[in-house]
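Chain identifiers are assigned alphabetically (A, B, ...) following the order of the sequence lines, protein sequences preceding nucleic acid strands; residue numbering begins at 1 within each chain.
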Amino acid sequence: MSKKNLVLVDGSGFIFRAFHALPPMTRPDGTPVNAVFGFCNMLTRLLKEHTGTHLAVIFDAGRTTFRNAIDPRYKAQRPEPPAELIPQFALVREATRAFAVPAIELDGFEADDLIASYAEAMKAAGGEVIIVSSDKDLMQLLGNGVSMLDPIKSTAIGPAQVMEKFGVTPAQMIDAQALMGDSVDNVPGVAGIGPKGAAQLINEYGTLDAILAAASSGTMKPSKRRDALIAHAEDARISRRLVELRCNVALPCPIDDLAIAPHDDAVLHDFLDAQGFKSIKARLGLDGLARRHEERSAPPVAAVPVVTTSDAPFGPYETIDTEAALDRWIADIIATGFVAIDTETTDLNARRTRLVGISLATAPGRAAYLPLGHEAGEQLPRALVHARLAPILTDPAILKIFHNAKFDLHVLAAAALPDAAPFDDTMLISYALEAGAHGHGMDELSVLHLDHKPISYDEVTGTGRNRVSFSAVPVDRATAYAAEDADVTLRLWQWLRPRLREAKALTLYETMERGLVPVLLAMERAGIMVDRDDLVAMSDEFARRMDEIQRDIEQLVGHAFNLGSPKQLGEILFGEMKLQGGKRTKTGAWGTDAAALEELAEAGHELPRRILDWRQLQKLKSTYADALVTEIDIEDRRVHTSYAQAIAATGRLSSNDPNLQNIPIRTSEGARIRRAFIAAPGHALISADYSQIELRLLAHVADIPALKASFINNEDIHARTASEVFGVPMEGMDGATRRRAKAINFGIIYGISAFGLARQLGIDNGEAKRYIDAYFARYPEIRRYMNDTREFARTHGYVVTPFGRRCHVPGIADKNPARRGYAERQAINAPLQGGAADIIKRAMVRLPDAIAASGLDMRILLQVHDELLFEAPIDQAPAAAAVAREVMQQAAVLSVPLLVEAGIGANWSDAH
DNA sequence: AACGTCCCGTAC
DNA sequence: GACGTACGGGACGTTA
């Protein structure tokens, strides 16, 4: 087998150089393409002339890398690229694909680090490397089979050229750069020392450490330069960490996949043709080809980097059971700069669980399990593990990657380990990219993106009565399962993280979703106090009243039956008693829901009314009073819900175990449940809720002047709607009219249909249709918004909130009209519901800083979609309410004001 | 006995 | 078929 020869093109470096070196040129549609042209020329030449066997173009992935953690100043003052260059970034990536060359980038690392890592890997495999670049930052890699080629001047750069230009060897370039600094990248270096001075010092003392030692010890004779070295010794050391390249980054794509492959003539032809690069087409002999498609609508082809998944096997994995193994892994994590972490626990509830083991992964296939609390098997002492892991968790230069970080952070905190920072969360990355398209659990994403089905939790622990705690699972079995989860998390991160930029979801993810994690964590920890005795008393009372009602009902029916069985009830109402007007559910059973029973009651029947009464008590007793009592934490007498952040297709949170987002409020009996949610002694609850936030968003996104004016003038919006639609004056409006308008407003938000509105209002379809028509006539922009939104959803498969969140709507192109109609209503609703979710999330992320700045002792306890509930000492409650209102109202700037109403009370009901 | 589905009802 | 988003309890039928 002949020797491998890998050519690595510094794509990002080339773009900038070509842009400045070449005269401006544009393609027919005006898009500037001079750097793209230079790039295509360069690739053509490379492919024709060089003798390599493998080729890849490497790009910078983003603005922030691990270097920002070392020194926030790094590249901080680098200006935005010129406007003419910006569209060319994507085009250059597209060009790379058109040439069938892998384009590789990795978030968190610069192109230079990937080049260094690929060069290192190739050297290890005994091959040669040519780096196509002229950047001095890459010169430290030269020698031992690695050479450099200046793509503009077509000259070779080797150790001799480095020595000629900088007076040091390639290996010494790192120390030289640390001394020189770099004004473009904002690497500090040592003031007053440039290339010449650096070379002199290195040639005299050998290394940076020796130079700094000589300066501080007095071996160096006193001079301005020595003073500068002493003063800036730390800067020099930081600079060295900034300029030294990482040569062990996990390769996003194995070297074998970089083998040069023939391109598709038609694809390349179409691309070059679209750019108007006739000369390159001619040189490649492509000008005879006809275009495949006359008009390929302007390619919104978000340049998808060819970051392939690794083909490293999933296991076997190592069990860390010796101090030496642990130290080896810690060293690996530090060298890699990131680590995927997964915790194994006794229970699936994050707040009730205890840590049993930790798995770690630093590269695809490179993962291990660290058992801590298994009932059998060799395990390292916890104190030792804590001492080694804590610095990793808090190291700002090491990114911790989790899948559902909130869970692991709960567990780690309970084990007295520090909060992990910085961190990434693959579940939230997936959610930010594709909410509504599919679930975001690890197993589902693994099958979807990695084509690999991981061992399931149930397989390891068993299910049902056979289920055992994870601590009882043998360590070897636990390793196979747990390490695989860390491995999968790491691979998902490598696959998904780069996609955030393409989907324009990076800011959404970093600030809203990831930023929300610590806030939710604190809320779940805080919990809320409930009056246990009150709930128990209510439960007893409800039981008594249900018994009474049951006796009445059995009297009416003439025999006993299960009141909780809709099936039995339907048979009695429509079979035995032969009541008229019954409807069937979709499975053919008699419908007995509240609307149906209400109708029967109004027709004068006694039984349905009693059933409705019984059902209300049954609901309050079982779902609320009894269930809540079982959820009270014995330690602090509070209930702690858990928020799910990656479930709702619109961006909303959901709440479970227990669900505190559906506590009753509307009926007087229901409000009694809410009254059992109380402030801690000496404290008050503060409720702050957005007024009409979804209608305000509608006025904003659909740009409805009449609606916007109503909000700007702070009118009663439902009364105004009634006045406009029914032509009645606002003053002295009767309640029923306003209620109808309110239902229409809600209907609009839900993607109105005449059928739905008719059902809601108990009117016929024709009348409902007349209402809707009147509404559209008065607010014509609504119809346009609905049509535009449907259209957008059809072409993209998703809709977008005003804050850039994509909500996917599967079924939007379904040929079944019912399913399509459903998807269309989702599409109309999602930007409004999702936009409201975005706004409150932004407020939540900003609140901790605002609270800290206020000096108040207030905590966020709950979120209920458009409401936040806080707790504060009684005397601070008014100030706390003011802080809450201010942050919430300022969370977004729309073309209508945001209004937040706040209340204070000893319990949740009174706080409204 | 455990699980999935249906029906129903609570919230925003 | 049936105006949007969730969670969960009880009944009931199916699996083990």
Given [options], which nucleotide is nearest the side-chain atoms of [X]?
X      : options               : result
A/Y750 : C/dG8, C/dG9, B/dC12  : B/dC12
A/A648 : B/dG9, C/dT5, C/dC3   : C/dT5
A/R666 : C/dG4, C/dG9, B/dA11  : B/dA11
A/L757 : C/dC3, B/dC8, C/dG8   : C/dC3
A/V864 : B/dC12, C/dA6, B/dC8  : B/dC12
A/R615 : B/dC8, C/dA6, C/dG9   : B/dC8
A/P566 : C/dT5, B/dC8, C/dG13  : B/dC8
A/R825 : C/dG4, B/dA11, C/dG13 : C/dG4
A/P664 : B/dT10, B/dG9, B/dC7  : B/dT10
A/N659 : C/dG9, C/dG4, C/dC7   : C/dC7

Heavy atoms, side chains only, cut-off 4.5 Å: are A/Q889 and A/L899 in contact?
-> yes
Reckon [X] touches a base, only the sugar-phosphate, or nothing at all at heavy-atom distances under 4.0 Å?
X      : result
A/G834 : nothing
A/Q568 : sugar-phosphate
A/A594 : sugar-phosphate
A/A830 : nothing
A/R819 : nothing
A/G751 : nothing
A/I647 : sugar-phosphate
A/L620 : nothing
A/E694 : nothing
A/Y822 : sugar-phosphate
A/N562 : sugar-phosphate
A/D657 : sugar-phosphate
A/Q826 : sugar-phosphate
A/N662 : base

A/E867 and A/I840 have their tightest heavy-atom pair at N-CD1, 3.8 Å
Any idea which heavy atoms bring A/M844 and A/L653 closest together, and the distance?
-> CE-CD1, 4.4 Å
Taking OP1 and OP2 of [N], is either one under 4.0 Å from a side-chain nitrogen or oxygen of [X]?
X      : N     : result
A/T623 : C/dG8 : no
A/S622 : C/dG8 : no
A/T585 : B/dC7 : yes

Under-3.5 Å donor-acceptor pair between A/R759 side chain and C/dC3 base | no
Please report, rounded to the nearest Å, how far the [atom2] atom of [N] is from the [atom1] atom of [X].
X      : N      : atom1 : atom2 : result
A/K567 : B/dT5  : NZ    : C1'   : 14 Å
A/W614 : C/dA11 : CH2   : C1'   : 11 Å
A/E571 : B/dC7  : CD    : C1'   : 15 Å
A/L862 : C/dA6  : CG    : C1'   : 16 Å
A/L612 : B/dC8  : CG    : P     : 12 Å
A/R584 : B/dC7  : CZ    : C1'   : 15 Å
A/I748 : C/dT5  : CD1   : P     : 17 Å
A/K815 : C/dG1  : NZ    : C1'   : 16 Å

Nearest-0.5 Å distance, NE2 of residue A/H440 to NE2 of residue A/H438 = 5.5 Å
For A/Q863, the option from A/Q661, A/R652, A/K841 that meets side-chain hydrogen bond (donor to acceptor under 3.5 Å, both in side chains) = A/Q661
Does A/R584 count as lying over the ring of A/W590, i.e. NZ or CZ under 6.0 Å from the six-ring centre, within 45 degrees of the axis?
-> yes
Taking the same atom, P, in C/dA2 and in B/dC6, what whole-Å distance lies between them?
-> 14 Å
Mind running side-chain hydrogen bond (donor to acceptor under 3.5 Å, both in side chains) on A/Y785 and A/D703 for me, showing each step along the way?
-> CA-CA 9 Å; A/Y785 165 76; A/D703 197 14; over 6 Å; no
A/R525, CZ atom: more than 12 neighbouring heavy atoms under 6.0 Å = yes
Verify the distance criterion only: is there a donor paired with an acceptor across the side chains of A/N787 and A/R790 at less than 3.5 Å?
-> yes
Give the ring-plane orientation class for A/Y457 versus A/F470, where under 30° counts as parallel, over 60° as perpendicular and anything between as tilted.
-> parallel
Does the ring centre of A/F726 sit less than 6.0 Å away from the ring centre of A/Y771?
-> yes
Taking only Watson-Crick and G-U wobble pairs with both distances under 3.5 Å, what dot-bracket line describes DNA chain C, where [ ] shows pairs that cross earlier ones and | shows pairs with another strand?
-> ...||||||||||||.
With nearest nucleotides of DNA chain C determined for A/K586 and A/R652 from heavy-atom distances, which residue corresponds to the more 5′ nucleotide?
-> A/K586
